[in-house]
Amino acid sequence: MTGRISVVKTDITTLAVDVIVNAANNSLLGGGGVDGAIHRAAGRELVEECATLGGCETGQAKITGGYRLPARHVIHTVGPVWTGGDRGERELLANCYRSCFQIARQRGLKTIAFPAISCGVYRFPVEQAVETAVRETRAELEANDAIEEVIFACFGDDIYQAYLRALKEP
Ligand code: AR6
């Protein structure tokens, strides 16, 4: 299973995969962090398509084209803001991964790259977020042979190391 999971230190906007995931906000109209980077690299057609989508609820996901990105598509998902863990944050984050995989399955997308959803401005504890990402990805790969590769794109060393640790766990 781990053979289909890669952890790389990279800017997600450089990846030529079927789809990259954006850690967006409920408006889907852009923002800072990875969201800002994806919108800058994709060009203004991306925000124009996003504006037709009517926003997105936390834990859900919506797909657009990739425009000037090397990736063919972008799945925009909205992670939870961490407020201590008693407002369903863990389940909402798991729902983000499930929603993204559901779209990938429906569209036949085989290579998918994730940023560390909610681990920046939304302040989700990194170890717990990474554990959720790995658990949901393993469950998907077990159930879905069609996905060829899942890449965890890490911007910082702390997140990169956290993924390596989580993937060592059975
Ligand atoms: N490639 C890969 N990872 C990146 C990149 C990049 N180019 N840029 C940042 N990261 P964040 P969130 C990492 O804050 O916590 C936005 O304003 C970053 O180091 O982008 O889900 C949205 O509009 C961190 O590990 O997303 C929302 O309002 C991870 O991506 C809000 O931020 C996520 O950090 C969403 O907050």
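Index from 1, following the sequence. Just follow the structure's listing: the first ligand is 1, and inside any ligand the first atom is 1.
For atom 17 (O) of ligand 1, the closest non-hydrogen atom of the protein is Gly32 N, 2.7 Å. For atom 15 (O) of ligand 1, the nearest non-hydrogen atom of the protein is Gly120 N, 2.8 Å. Counting only heavy atoms of the protein, atom 1 (N) of ligand 1 lies nearest to Ile12 N, 3.0 Å. Protein heavy atom in closest approach to atom 30 (O) of ligand 1: Val34 CB, 4.0 Å. In this structure, atom 14 (O) of ligand 1 lies nearest to the protein heavy atom Val121 N, 2.9 Å.
Of all heavy-atom pairs between Glu149 and Ser6, the closest is OE2-OG, 2.6 Å. Taking every heavy atom of both residues into account, Cys50 and His39 meet most closely at SG-CE1, 4.0 Å.
Within ligand 1, counting atoms from 1 as listed, the ones closer than 4.0 Å to a heavy atom of Asp11 are 1 (N), 6 (C), 7 (N). Using a 4.0 Å cut-off to heavy atoms of Asp35, the atoms of ligand 1 that qualify are 22 (C), 23 (O). Annotation for ligand 1: atoms under 4.0 Å from non-hydrogen atoms of Ile159 are 25 (O). Listed by number with element, the atoms of ligand 1 under 4.0 angstrom from any heavy atom of Ala37 are 7 (N).
Contacts of Thr10 with ligand 1, taken as heavy-atom pairs under 4.0 Å, involve the backbone alone.
Compare Phe114, Phe155, Trp82, Tyr122 by their heavy atoms: the one nearest to atom 36 (O) of ligand 1 is in Tyr122. With distances taken over non-hydrogen atoms, the option nearest atom 33 (C) of ligand 1 out of Ala116, Ala23, Gly33, Ser118 is Ala116.
Checked for salt-bridge contact, Glu142 and Arg138 miss the test: no charged N lies under 4.0 Å from a carboxylate O. Taking a cutoff of 4.0 Å between a charged side-chain nitrogen and a carboxylate oxygen, Asp18 and Arg72 qualify as a salt bridge. Ionic pairing of Arg98 and Glu140 is not present here: no N-O contact between side-chain nitrogen and carboxylate oxygen is shorter than 4.0 angstrom.
Between the CD1 atom of Ile159 and the CG atom of Asp157 there is a distance of 10.0 Å, given to the nearest 0.5 Å. Note: Thr77 OG1 to Asn25 CG = 11.5 Å, rounded to the nearest 0.5 Å. Once rounded to the nearest 0.5 Å, the distance linking CD of Gln60 with NE2 of His76 reads 15.0 Å.
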Full working for salt bridge (charged side-chain N to carboxylate O under 4.0 Å, His left out) between Glu169 and Arg165 = CA-CA 7 Å; Glu169 300 294 323; Arg165 280 195 297 277; over 6 Å; no
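Ligand 1 is never approached by Gly156 to a heavy-atom distance shorter than 4.0 Å.
In terms of N/O distances under 3.5 Å, ligand 1 is not approached by Thr13.
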